[in-house]
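Below is one structure, written out as C-alpha cells, with a few remarks after it.
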Amino acid sequence: MPSRSLHVAVIGAGAAGLVAARELRREGHDPVVFERGAGVGGNWLYHPAASADPLGAGGVQSSLYASLRTNVPRECMGFMDFPFVAGAGAMSSYSDDPRRFPGHEEVLRYLQEFARRFDLLGLIRLQTEVVSVRRDDASAGWKLSYRSWRKLPGAGGEELEEEVFDAVVVCNGHSDEPRLADIAGIDGWPGMQMHSRNYRVPDPFNGQVVVIVGYAPSGLDISRDIVGVAKEVHVAHRSPATSETQSTAHANMWLHPTIERTEEDGSVVFQDGSRVKADAILHCTGYKYNFPFLGDDVGILVDDNRVHPLYKHVFPPHLAPHISFIGLSLKALQFPVFQLQSNWVARVLSERAKLPSQEEMMEDMTAFYSKLEARGCPKRYTHDLGECTYEYEDWVADQCGLERIERWRKEMFVAALKNFADRPESYRNEWDDDHLLLEAHRDFTKYF
C-alpha cells in the first residue's frame, strides 16, 4: 500500500488529465480535476465555432477541424489497458466509426467511455478555469485560484475561489496557443490570415487562391480539405529550394519551398523565386506551450517552446515531486506515454518510486540539453521525442515497474509514420501491417 495519500489538483480533463486522475486514485491519492470546458475530452471535444481572432486562441477550447481523422491507427493510440478498438466485445459501446484511422468524434467517445468505465466523472469540475497556481506558505502546499461557470443562472461565476492542494499535475495540453510563421512583409500584406487552430470547414476559401504554410499532418489534411473548393492551393514547406514548383495529385495544388516574403500587392514570394497572388495564408505551424496560471515565482519558463527546467519532460527539479507535467511529448505514442508518465507521478507522490536528488536531476537535464545542442537541434524541438521515443517510454515504464509498451504497438506506429510520408493521399485507407493488427487483437482479448 502507498505510504501516503495526497490531495492532488489535476489541470485539464483531456486524455492526459483523465489517465492522470485514474492513476492517482489507483495509487490511493485524492485527485480533483479542473476542466474549463463543458465536457471531458480536452482538445478532442470539437466545437464548430472558432476564435474571433483567426490567428489567436480566443475563448474556444478545441483546435479540431470537422474532417479530422487520426493520423495513427486506433490500435496503437489507446491506453495500454483499455483498448481503442471497433465493435469488439465490451468495447463496442462507443464504436460508431469502425475505421482504423477514425474521425475525431470516435476518439471523444473513447475518452468519454474511459471516464465512465473508471468512474472518473465525479472527480471532475467542469466549466472551471484555473487562474493561478502559487505556493501556500502556511501549508507548504499549493493554492489554486479558480473561477467556475457551473453556477445557477445569474450567479455570474466571476468571483475567484481558492483551494489548497498537496500537489499539482499540469495536463492542459499543447494545442491552444498558436505558433505563427515569421514571414517578411506580412504586416503589409492585404490578404486574410488564419491559423489552423481556427480552421473548421473549407467553405470560407471557396474560389480563392490559398497559401498553406506547413506540411505536417494538419497542413496535409487541410490542403486536401480545401482543394475541392479553392481556385488554387499552394503549400509552402521546408524542403530544398527547387527551380520550379512540385506538382501533386491535384490539378490545382502545388508544393513550394518556404516563403521568402510577402508584398503589399498581395503577392507571396517563395524561396525559389516563384510567386502567386493569394487571397489567404493559412498557418499550419503548430503551437506554443502555454501555462498562463503559473506565475513567475514558480520558476517554470517557456523558452522557444522548451519548458524549462524539467527532468525527463515531467518534473521540475526544484519543485519535484509536488508539481509535474503530463503530455508535453511530441512524436510519441501519446496516450500510452500519458499513462506511463501518470503512473510514475502517482508512485513518486506516494513514495513508492524515488526520484534522484535535485542536483542529479539538474545534471541529467543539462546533459540532455547538451546532446540536443551538439546535434544542432533547436530548443523548440526539446520535447519532440522522435527517434528516442521508445528509449524514453521504456525508461519510464521501468521506473514504475510496469510492462513496457508492446512491440507490435511500436512497430505499428513506425509503419504509420512511414506510410504517411510515402502515401500521404491514401495512407489512412491502405496499410501493410495486418500481421501487427492480428497480434494487437490477440493481445486485446485479455481485456474483453
Side-chain angles (χ1 to χ4, degrees), residues 14-15 37 39 41-51 54-55 57-58 60-74 76-77 84 86 94-112 173 175-176 178 192-237 248-255 279-287 334-335 416-417 419-421 423-431:
N43 192 49
W44 294 100
L45 187 61
Y46 175 77
H47 197 288
S51 168
L55 293 175
V60 179
Q61 180 175 351
S62 177
S63 63
L64 300 178
Y65 36 95
S67 64
L68 184 141
R69 293 173 63 185
T70 66
N71 60 356
V72 294
R74 64 194 306 146
C76 66
M77 274 189 70
F84 185 16
Y94 63 76
S95 181
D96 290 338
D97 182 350
R99 295 174 296 179
R100 288 197 70 204
F101 295 78
H104 57 82
E105 302 93 341
E106 179 81 346
V107 183
L108 178 61
R109 283 189 288 269
Y110 169 78
L111 293 175
Q112 291 170 335
S175 299
D176 189 56
M192 188 272 283
Q193 295 184 69
M194 177 184 287
H195 189 272
S196 59
R197 187 185 189 281
N198 293 304
Y199 175 83
R200 295 293 182 270
V201 294
D203 306 53
F205 300 97
N206 186 45
Q208 294 189 353
V209 176
V210 183
V211 173
I212 292 179
V213 184
Y215 206 44
S218 63
L220 176 72
D221 284 353
I222 293 172
S223 64
R224 271 60 183 178
D225 210 20
I226 69 174
V227 72
V229 302
K231 180 181 178 182
E232 297 177 8
V233 177
H234 298 266
V235 181
H237 65 117
T248 69
H250 302 272
N252 61 334
M253 180 187 295
W254 296 268
L255 303 183
D279 301 294
I281 292 177
L282 217 165
H283 297 253
C284 298
T285 44
Y287 298 88
Q334 297 285 43
F335 288 13
L417 295 181
N419 289 339
F420 168 79
R423 302 194 303 273
E425 300 281 348
S426 62
Y427 76 99
R428 290 186 176 99
N429 300 312
E430 301 173 2
W431 53 82

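Values in this document were obtained by computation on a predicted structure and should not be read as measured data.
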Can you tell me how far apart [atom1] ([X]) and [atom2] ([Y]) are? Round to the nearest 0.5 Å.
X	Y	atom1	atom2	result
Asn252	His234	CG	NE2	8.5 Å
Ile212	Leu220	CD1	CG	9.5 Å
Asn43	Arg197	CG	CZ	7.5 Å
Ile281	Met194	CD1	CE	13.0 Å
Cys76	Arg74	SG	CZ	11.5 Å
Ser67	Tyr199	OG	OH	5.5 Å

Under 4.5 Å between any side-chain heavy atoms of [X] and [Y], yes or no?
X	Y	result
Phe84	Pro73	no
Phe335	Leu111	yes
Gln112	Trp44	no
Asp96	Arg109	yes
Val107	Met77	yes

**Message:** Using the side chain to side chain contact (heavy atoms under 4.5 Å, CB included) criterion, which residues pair with Ala236? Sequence neighbours excluded.
**Reply:** Ile259, Phe270
**Message:** Holding to salt bridge (charged side-chain N to carboxylate O under 4.0 Å, His left out), I want the full list of residues that pass it with Arg69, two or more places apart in sequence or in another chain.
**Reply:**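 In terms of salt bridge (charged side-chain N to carboxylate O under 4.0 Å, His left out), with neighbours along the sequence ignored, Arg69 is linked to no residue.
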**Prompt:** Sequence neighbours excluded, which residues qualify as salt bridge (charged side-chain N to carboxylate O under 4.0 Å, His left out) partners of Asp221?
**Reply:**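 Asp221: salt bridge (charged side-chain N to carboxylate O under 4.0 Å, His left out) contacts with Arg428.
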Minimum heavy-atom separation for [X] to [Y], with atom names?
X	Y	value
Phe420	Ala216	CZ-C, 4.2 Å
Asp97	Gly103	OD2-N, 2.8 Å
Ala66	Tyr46	CB-OH, 3.6 Å
Leu282	Ile222	CD1-CG2, 3.8 Å
Val235	Gly214	CG1-O, 3.9 Å

**Prompt:** His283: what forms a ring pair (Phe, Tyr, Trp, His ring centres under 6.0 Å) with it, not counting sequence neighbours?
**Reply:** none
**Asked** Less than 6.0 Å separating the ring centroids of His104 and Tyr65?
**Response**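 Aromatic pair excluded; centres sit 6.0 Å or further apart.
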**Prompt:** Step by step, would you call Tyr427 with Asn71 a side chain to side chain contact (heavy atoms under 4.5 Å, CB included)?
**Reply:** CA-CA 9 Å; Tyr427 76 99; Asn71 60 356; 3.3 Å; yes
**Message:** Once side chain to side chain donor-acceptor pair (under 3.5 Å) is applied, what residue pairs with a partner in residues 203-219 remain, sequence neighbours excluded?
**Reply:**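 Non-adjacent pairs meeting side chain to side chain donor-acceptor pair (under 3.5 Å): Tyr215-Arg224.
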**Asked** Ignoring hydrogens and geometry, is there a side-chain-to-backbone donor-acceptor pair from Arg99 to Ala86 under 3.5 Å?
**Response** no
**Prompt:** Backbone N or O of Gly286 within a donor-acceptor pair of the His195 side chain at under 3.5 Å?
**Reply:** yes
**Thr70 and Glu106: CA distance, side-chain angles, deciding distance, side chain to side chain contact (heavy atoms under 4.5 Å, CB included) verdict** = CA-CA 10 Å; Thr70 66; Glu106 179 81 346; over 6 Å; no
**Item:** Qualifying residues under side-chain hydrogen bond (donor to acceptor under 3.5 Å, both in side chains), relative to His250, sequence neighbours excluded
**Value:** Glu425
**Request:** List the steps and the verdict of side chain to side chain contact (heavy atoms under 4.5 Å, CB included) for Ser63 and Asp176.
**Result:** CA-CA 7 Å; Ser63 63; Asp176 189 56; over 6 Å; no
